[in-house]
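The structure appears below as structure tokens.
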Amino acid sequence: MDLVNFKQCLKNGSFSGVYIFAGEEDYLVRYYLKSLRDAVAPDDTFAVFNNPTFDGVEIDFSAIAEAIKSPPMMAD
């Protein structure tokens, strides 16, 4: 998916699948990541439970799989 398609998804509110944010401009990555978070789960109260963040050089696929399996807390 390119940026044009992603912006259209943001506008329509139609999201599905997995999104990987990457690029040369860190501020744009953060901006669009926040835009997606706000569109999917606007209540920051449960963000710590519903928006897991994985950072680092090594990828822990089992931790990502567990996060994906967990249903959102107090959300649709």
Side-chain angles (χ1 to χ4, degrees):
M1 173 182 290
D2 62 4
L3 184 56
V4 173
N5 291 340
F6 181 71
K7 286 181 181 180
Q8 190 66 31
C9 288
L10 279 176
K11 185 177 181 180
N12 295 338
S14 59
F15 306 102
S16 66
V18 176
Y19 296 89
I20 298 173
F21 294 86
E24 295 177 12
E25 303 292 342
D26 286 339
Y27 73 95
L28 286 175
V29 171
R30 288 190 304 270
Y31 172 79
Y32 287 112
L33 179 58
K34 183 174 179 349
S35 298
L36 179 61
R37 281 185 186 153
D38 291 345
V40 173
D43 187 5
D44 285 339
T45 307
F46 299 105
V48 69
F49 302 108
N50 296 333
N51 298 319
T53 302
F54 301 94
D55 194 9
V57 177
E58 303 258 341
I59 299 173
D60 185 356
F61 289 107
S62 62
I64 294 172
E66 285 301 314
I68 292 170
K69 287 190 244 178
S70 302
M73 181 179 228
M74 304 294 286
D76 293 339

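This one's a predicted model, so the numbers in the text were calculated from it and none came from an experiment.
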Give the cluster check for [X] versus [Y]: same hydrophobic cluster or not, with ILVMFWY residues linked at side-chain heavy-atom distances below 4.5 Å.
X	Y	answer
Ile59	Ile68	yes
Met1	Val40	yes
Val29	Phe54	no

- Message: Going by the rule side chain to side chain donor-acceptor pair (under 3.5 Å), which residues pair with Lys34 if we only count those two or more places apart in sequence or in a different chain?
- Response: Asp38
- Note on the structure: So CD of Glu25 and CZ of Arg30: to nearest 0.5 Å the spacing works out to 10.0 Å
- Quick one: pull up CG in Asp26 and CG in Leu33 and give me the separation to the nearest 0.5 Å. 11.5 Å
- Can you run down the salt bridge (charged side-chain N to carboxylate O under 4.0 Å, His left out) pairs that involve residues 49-70, sequence neighbours left out, and say none if there aren't any? Glu66-Lys69
- Flag the pair Tyr19 / Tyr32 as yes when their ring centroid distance falls below 6.0 Å, and as no otherwise. no
- Task: Could you tell me whether Tyr31 atom OH has more than 12 heavy atoms of other residues or ligands within 6.0 Å of it?
- Result: no
- Task: Only counting residues at least two apart or in another chain, list the ones meeting side chain to side chain contact (heavy atoms under 4.5 Å, CB included) with Asp2.
- Result: Val4, Asn5
